[in-house]
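Below is one structure, written out as structure tokens, with a few remarks after it.
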Amino acid sequence: MDMELRQEQERVNRVMETITEQIKRLEGETSVRRMEVVNIRKHFWDEVKVNIDSFDDYLETIIGLRQEAQALSVSQSTHRHASKRLSSLRRMQEVPYFGRIDFIEEGTSTAERIYIGTSTLTDASGENFLIYDWRAPISSVYYDYQPGPAKYATPGGVIYGTLEKKWQYLIRGGIIQSMFDTSLTIGDEILQQVLGKGTDKHMHSIVATIQQEQNRIIRQDRGRMLIVHGAAGSGKTSAALQRVAYLLYKYRDTLNADQIILFSPNSMFNSYVSNVLPELGEENMQQVTFQEYLDHRLKSEFQVENPYDQLEYVLTAADNPLYRTRIAGIRFKATTHFFEAIKSYRESLELSGMVFKGISFRGKTIVTAKKIAEKFYSCDTPLRFHSRLEKLKDWLIKQMDEAEKLERNMPWVQEKIELLSNEDYYRAYTYLAEKRGYKGEAIHDYEIEHEALARLIVRRKLKPLRKQIKAFRFINMKGIYKQFFADPFRIKQWMGFEAPEEWEDICLLTVKMLDEGKLFYEDATPFLLMKELIQGFQTNSSIKHVLVDEAQDYSPFQFEFLKRLFPLARMTVLGDFNQAIFAHASEMVDFHTLSGLYGPDKTVAINLTRSYRSTKPIVELTRKLIPDGERITAFERDGEKPKLTQLSNRAELHRSIASKVADLRKRQYSTIAVICKSAVESTAAYDSLSGIEEIKLVKSGSIQYEQGVVVIPVYLAKGIEFDAVIIYDASAAVYGDESLRRLFYTACTRAMHHLQLYSVGEPSPFLRDVAPESLILS
């Protein structure tokens, strides 16, 4: 082994020398390219002679501009590629590679040694591979096979052979710290070391520890939709981000990071995962929350509730007399039945029911809402709905033209002309002169016409109104949506099934909120769908891949909407139904219902049942909290058992938490979370624990993932892990209702190394089924 280790270290040394040489060469090249770009930008216009006296001169100018722009584009692109490669090489200086396979290809007799790292490296000739990128086809053998028969797919066909050996390396700073020939599951040894570490501000690449089932997710290339249902801590988000890196590598000629979008649970999560792709030498994809998209589309019309305010209501307002109605509304509006009802309602508007806004100018009505409706329904009805709206829009523009002519002679126009400042008058004069063909000094020969000036003033005043008409603002969307709920008994026209028994009350509550200019979160997507179906869907055809994380938080309705929003995209959906904590969760029976989105033949589903985040004792406890939890298996990483401490009052609780935090800090835990049921409980806990040094409160608007000690509601901690978790109050008084079981499970599964539960009074009934040996009572 010593001889083997010495030879391997000598190879690492040679690889490090090659990396250093390539870095030096690229540093010189990027410096030259940067100066080129700066120089071209500085002297861009010096190289272009602008002359538009004749068509030939104009053509010559355009050609000159294009040539300079192309030269700049080439230099910028070369500089960008060189800089990107330089970043990869600098990362490889720390960890050049992490694995090796000895592979005998069918038809040959000698094994080829394939070393695997985060990026490709060749020798000076460029012909011999020193390191293969982990995404290269042959690298899949490392993740998918133990010694014996193996194969991998290439664009030219499947290559068969024999995997003789598989090695793992732990290399830091060019020194081999450990290496071993393994027939274990890939990554077990290194994974033990990686998982044993503390967390920091960011999620990191799992490229050296990818498991076989995660590799299936990363390289999955069939169908329109990939559904990944994974237990808490099973690495589904990490695998999905590696999947993005793999897709960017495999389709590098046709796919870039801007064509991939990740819908993440919150802005803080965006910060948490922002490191993974740059670690692998790739640019980050677009990241957005579904709420940000809704706000972007709707905030000018409504005050839109966010999902966390909705959840906060569900968790804290059970005594509200409208609570039962609201919960029933949330659940029903999340269904595909409601989606179909909205579509049927829109189809009914072809014959009647469209609501419009009258158009007025300076207090005078130009066209009444009634007249617009009459015109719409007198249109040629065989025309498609959108074509009729276009025709109506053109008619309204003509009405504006007529109104403009009448307005020119109104007293206010003359008054406006008389009150024009010298500056405004000169600007109008110049504009009108140039419009009449006067140029240069000849502008002063133009004599301004009163009629032309009046026309200009009226046209500019009417411009916002014309803009609104062109944007279909004459359609009363709020009125149309409100009309859907105005008569509770009409819903039978649009649905082939019975509405919930609370439907009448749901309608009253929805109308009340609309009248206040507010939109419940459960109404935001339906309202937007109705708007899109009327005005025409604002689809995004440039996006080629959509990832949805924490998919259990989305309703079937929202998935139907996303499918239409990104008509050309493939979709990767990740989630854990056991962490479905939103009120509509009962409508998301399981992720198999999503296979209907594109059809079972275009859908691939993968289950991840092994949990890597938490130590084995923590997993042993948390899997007992949920039905079918026995399917979850723990990675063999030992640790201390979770503890439950029962206290009699809040003062004792806060003293005990402060003492526990001090102890955890002494043990070098860098991320400690005090997890509460709601934001209300979090704020109260934070106020009482403010004596703890540098403690922070995480709110729904928080953007950065914080290290240190944080107080956080469960729903904001989803998707994130902490070295140590303290459950603020796991009592029956707080977690007594069966509907909170998944919320409680989610809170406990955030812990990597240490889980401490406190209970003021009797503990939650969820802990009754936990075997005494899984929990230390104190």
Original post:
Below 4.0 angstrom, N of the basic side chain to O of the carboxylate: do Lys151 and Glu106 qualify?
Top reply: no

Original post:
Charged N to carboxylate O below 4.0 Å: is that the case for Lys718 and Asp553?
Top reply: yes

Original post:
Are Arg219 and Asp221 within salt-bridge range, i.e. N to O under 4.0 Å?
Top reply: no

Original post:
With a 4.5 Å heavy-atom cut-off, do Val228 and Leu608 have their side chains touching?
Top reply: yes

**OP:** Report yes if the side chains of Thr539 and Leu565 come closer than 4.5 Å at any heavy-atom pair, otherwise no.
**Re:** no

**OP:** Please examine the side chains of Asp102 and Ile114, heavy atoms only from C-beta on, and report whether any two atoms are closer than 4.5 Å.
**Re:** no

Original post:
Going by an N to O cut-off under 4.0 Å, is there a salt bridge joining Glu721 and Arg750?
Top reply: no

Original post:
Can you tell me if Gln9 and Gln7 form a side-chain donor-acceptor pair at under 3.5 Å?
Top reply: no

Original post:
Would you call Lys236 and Asp549 a salt bridge, taking side-chain N to carboxylate O under 4.0 Å as the test?
Top reply: no

Subject >> Nearest heavy-atom neighbours spanning Ile543 and Asp258 >> reply: CD1-O, 3.7 Å

Original post:
Among all residues two or more places apart in sequence or in another chain, which pass the ring-ring contact (aromatic ring centres under 6.0 Å, His included) test with Tyr152?
Top reply: Phe103

Original post:
Among side-chain atoms of Thr615 and Asp638, is any donor-acceptor pair under 3.5 angstrom?
Top reply: no

**OP:** Working to the nearest 0.5 Å, report the span between CZ of Arg222 and NZ of Lys602.
**Re:** 13.5 Å

**OP:** Check whether any side-chain heavy atom of Leu597 sits under 4.5 Å from a side-chain heavy atom of Thr603, and report yes or no.
**Re:** no

**OP:** Measure the acute angle between the ring planes of Phe98 and Tyr143, then classify it against the limits of 30° and 60° as parallel, tilted or perpendicular.
**Re:** tilted

Original post:
How about Glu94 and Arg172: do any of their side-chain heavy atoms sit closer than 4.5 Å?
Top reply: yes

Original post:
So do Pro96 and Ile171 actually touch side chain to side chain, heavy atoms under 4.5 Å?
Top reply: yes

**OP:** Sequence neighbours left out, what passes side-chain hydrogen bond (donor to acceptor under 3.5 Å, both in side chains) with Glu560? Give chain and number order.
**Re:** Arg564

Original post:
Between Ser139 and Asp133, which heavy-atom pair has the shortest distance, and what is it?
Top reply: OG-O, 2.8 Å

Subject >> Pi-cation contact, Tyr669 with Arg667 (under 6.0 Å, within 45°) >> reply: no

Subject >> Gap between atom CG of Leu163 and atom CG of Asp144 - 0.5 Å precision >> reply: 11.0 Å

**OP:** Taking the six-membered ring for Trp and the full ring for Phe, Tyr or His, determine whether the centres of Tyr97 and Tyr115 are under 6.0 Å apart.
**Re:** yes

Original post:
Do Leu262 and Leu547 come close enough that some side-chain heavy atom pair is under 4.5 Å?
Top reply: yes

Subject >> Euclidean distance, Thr20 OG1 relative to Met92 CE, rounded to 0.5 Å >> reply: 11.0 Å

Original post:
Just how far is it from atom CD1 of Ile217 to atom CD of Gln211, taken to the nearest 0.5 Å?
Top reply: 11.0 Å

**OP:** Could you point out which residue of Tyr554, Phe537, Phe566 forms a ring-ring contact (aromatic ring centres under 6.0 Å, His included) with Phe561?
**Re:** Phe537

Subject >> Spatial distance of atom CD (Gln168) from atom CD1 (Ile116) [nearest 0.5 Å] >> reply: 11.0 Å

Subject >> Minimum heavy-atom distance between Gln707 and Thr671, given as atom pair plus value >> reply: CG-CG2, 3.9 Å

Original post:
Looking only at heavy atoms, which two atoms of Pro567 and Asn540 are closest? And how far apart?
Top reply: CD-O, 4.0 Å

Original post:
Take atom NZ in Lys563; do more than 12 heavy atoms of anything else shown fall under 6.0 Å from it?
Top reply: yes

Original post:
Within a strict 4.5 Å, meaning less than it, do heavy atoms of the Tyr145 and Lys166 side chains meet?
Top reply: no

**OP:** Measure up the Phe129 and Tyr132 rings against each other and bin them: parallel (under 30°), tilted (30 to 60°), perpendicular (over 60°).
**Re:** parallel

Original post:
Roughly how far, to the nearest 0.5 Å, is the CE atom of Met225 from the CZ atom of Arg570?
Top reply: 12.5 Å

